[in-house]
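Worksheet for the structure shown next.
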Amino acid sequence: MKMKNKGEVKLDKLVEKADVLIEALPYIQRFNRKIIVVKYGGSAMLDEDFMTNVIQDVTLLKLVGFKPIIVHGGGKAISGHIDKLGMETEFKNGLRVTDEETRDAAEMVLNSVNKRLVQMVEKLGVRAIGISGKDGNLLRVEKKLADGEDIGYVGEVKEVNAEILLDLIEKDFLPIVCPIGLDEEFDGYNINADDAASAIAKAVNAEKLAFLTDTPGVYMDIDDEDSVISEMTVTEAKELIKDGTIAGGMIPKINNCIEAIDEGVARVHILDGRIPHCVLLEIFTNKGIGTAILSDEQEKFYNEELEGK
């Protein structure tokens, strides 16, 4: 067998890189100048390397012609801060009970996270604007109940002032949104970041909505790491909820996906934010690495029967 010399090996690696760029080309063409909302949260926000990867991905989307909006959470950081303050954390039906003191502590943490993300984007040469849902009445909310129980200053988004975000995008800024909103009495409320991202995606007619989470996607079999579903329609997602395949904390996330699609978002992605460059891998490769949910009318990009052919 003929051995390749160093020059040939180096050339092969360069060709592989070119092939990756060519694979990305149709997706860049398809989504050029389209709005993409990225919800960033979970464990990926607690590790500097994870944060760097995510911000690099979103910044690259901006530089190749996409129009990204970041909506970030901070639940784990908030919990850590509250613990340091010696405050007790109470949950009802899986939702944090938020009194005034807890709300103010959470807002402080979220604003700190927001400006950190702005700083990281700016460092990469893209202009970013950090904005709270309070600013310009961006996110108008009403009190959210947990199965009929009052959980304090937790809001449900009722209205999004999309004009603010669209103006920022038009002026070539990358908006980074902190999920805090105001009610009709102008009291501040914390908002679940998934809910905020979904509401914003619908309001700005986003082409894509990506949830960065602590799971690789939706499993067909929760005990099988290789059973992540690459793509599924809304009807398929509803069937998986009905038969119990999708359960627990994944149900509200999938319902957010379905609602966003019903309101016109073409595709919603669930990705593991801990995987390096997960956003690029999902958007710019044929199979991707997470789960994409699409309307029943949308064409699937990935056909498992053709894999390897």
Side-chain angles (χ1 to χ4, degrees), residues 30-31 34-42 68-73 75 93-95 139 141-142 144-147 154-160 162 165 177 179 181 191-222 227-273 278-279 282-283 287-302 304:
R30 180 167 184 159
F31 301 114
K34 298 297 176 72
I35 297 176
I36 294 182
V37 175
V38 177
K39 181 267 173 174
Y40 179 32
I69 298 170
I70 296 175
V71 180
H72 67 85
N93 300 313
L95 295 172
L139 300 176
V141 305
E142 66 180 15
K144 183 172 185 174
L145 302 178
D147 292 336
V154 178
E156 182 172 351
V157 180
K158 300 306 295 180
E159 186 180 349
V160 178
L165 298 173
V177 181
I191 306 167
N192 176 278
D194 284 358
D195 294 345
S198 181
I200 287 171
K202 290 183 285 187
V204 299
N205 296 315
E207 183 74 15
K208 284 178 177 286
L209 167 61
F211 291 104
L212 272 59
T213 68
D214 291 340
T215 178
V218 179
Y219 290 98
M220 182 60 74
D221 178 357
I222 194 64
S227 66
V228 173
I229 304 169
S230 292
E231 290 180 303
M232 61 180 172
T233 64
V234 165
T235 295
E236 290 168 342
K238 290 179 178 178
E239 290 173 352
L240 292 176
I241 292 175
K242 187 176 180 180
D243 68 20
T245 300
I246 297 174
M250 186 58 75
I251 292 177
K253 194 174 295 291
I254 296 299
N255 283 332
N256 264 330
C257 297
I258 292 171
E259 290 175 12
I261 290 168
D262 287 342
E263 292 292 328
V265 178
R267 288 175 181 264
V268 183
H269 303 261
I270 298 175
L271 312 174
D272 189 339
C278 62
V279 176
E282 175 65 12
I283 292 177
K287 181 178 179 181
I289 59 168
T291 296
I293 302 171
L294 53 148
S295 67
D296 294 341
E297 296 77 25
Q298 285 279 321
E299 178 186 357
K300 290 187 176 181
F301 289 165
Y302 174 65
E304 294 184 14

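In this text, all values refer to a predicted model and were calculated from it rather than measured experimentally.
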Would Asn255 and Ile258 satisfy side-chain contact (heavy atoms from CB on, under 4.5 Å), going step by step from the backbone distance to the final call?
-> CA-CA 5 Å; Asn255 283 332; Ile258 292 171; 4.3 Å; yes
Could you walk me through whether Ser295 and Ile261 pass the side-chain contact (heavy atoms from CB on, under 4.5 Å) check?
-> CA-CA 6 Å; Ser295 67; Ile261 290 168; 3.6 Å; yes
Can you list the steps and then say if Val37 with Lys208 is a side-chain contact (heavy atoms from CB on, under 4.5 Å)?
-> CA-CA 6 Å; Val37 175; Lys208 284 178 177 286; over 6 Å; no
Before giving the answer on side-chain contact (heavy atoms from CB on, under 4.5 Å), spell out for Ile246 and Met232 the whole-Å C-alpha distance, their side-chain angles and the decisive distance to 0.1 Å.
-> CA-CA 12 Å; Ile246 297 174; Met232 61 180 172; 4.1 Å; yes
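Nearest approach of Ala203 to Ala162, heavy atoms of both residues: O-CB, 3.6 Å. Contact between Val71 and Ala193 at its shortest, heavy atoms only, is CG1-O, 4.0 Å. Annotation for Glu282 and Gly290: closest pair OE1-N, 2.9 Å, computed over non-hydrogen atoms. Closest heavy-atom contact between Glu236 and Glu231: OE1-O, 4.3 Å. When all heavy atoms of Ala260 and Val268 are compared, the closest pair comes out as CB-CG2, 4.3 Å. Across every non-hydrogen atom of Thr245 and Tyr219, the tightest pair is CG2-O, 3.6 Å.
Side chains of Asn256 and Phe211 form a contact here, defined as non-hydrogen atoms less than 4.5 Å apart. The shortest side-chain heavy-atom distance between Ile35 and Asn205 does not fall under the 4.5 Å cut-off. Contact of the Lys158 side chain with the Val141 side chain is not registered, since no non-hydrogen atoms from C-beta on lie closer than 4.5 Å. Proximity of Met250 to Thr215: side-chain heavy atoms (C-beta onward) are separated by under 4.5 Å at one or more points. Between Leu294 and Val234 there is no side-chain heavy-atom pair separated by less than 4.5 Å.
With hydrogens and angles ignored, the 3.5 Å screen pairs a side-chain donor or acceptor of Thr213 with a backbone N or O of Leu271. Of the possible polar contacts, one joining the Asp296 side chain to the Thr235 backbone as a donor-acceptor pair under 3.5 Å is found. Under a 3.5 Å cut-off, the side chain of Ser227 and the backbone N or O of Asp221 do form a donor-acceptor pair. For the pair Thr291 (side chain) and Val218 (backbone), a donor-acceptor distance under 3.5 Å is present.
Salt-bridge annotation for Arg30 and Glu207: absent, with no side-chain N of the basic residue lying under 4.0 Å from a carboxylate O of the acidic one.
The structure places CD1 of Ile36 at 7.5 Å from NE2 of His269, a figure rounded to the nearest 0.5 Å. Going from atom CD of Glu259 over to atom CD1 of Ile254 covers 12.0 Å, rounded to the nearest 0.5 Å. Between the CG atom of Asn192 and the NZ atom of Lys39 there is a distance of 7.0 Å, given to the nearest 0.5 Å. The CG atom of Leu139 sits 5.0 Å away from atom CD1 of Ile200, with the distance rounded to the nearest 0.5 Å. Distance check, rounded to the nearest 0.5 Å: CD1 of Ile229 to CG of Leu240 gives 5.0 Å.
Checking Asp262, Val265, Ile293 one by one against Cys257, the side chain to side chain contact (heavy atoms under 4.5 Å, CB included) holds for a single residue, Ile293.
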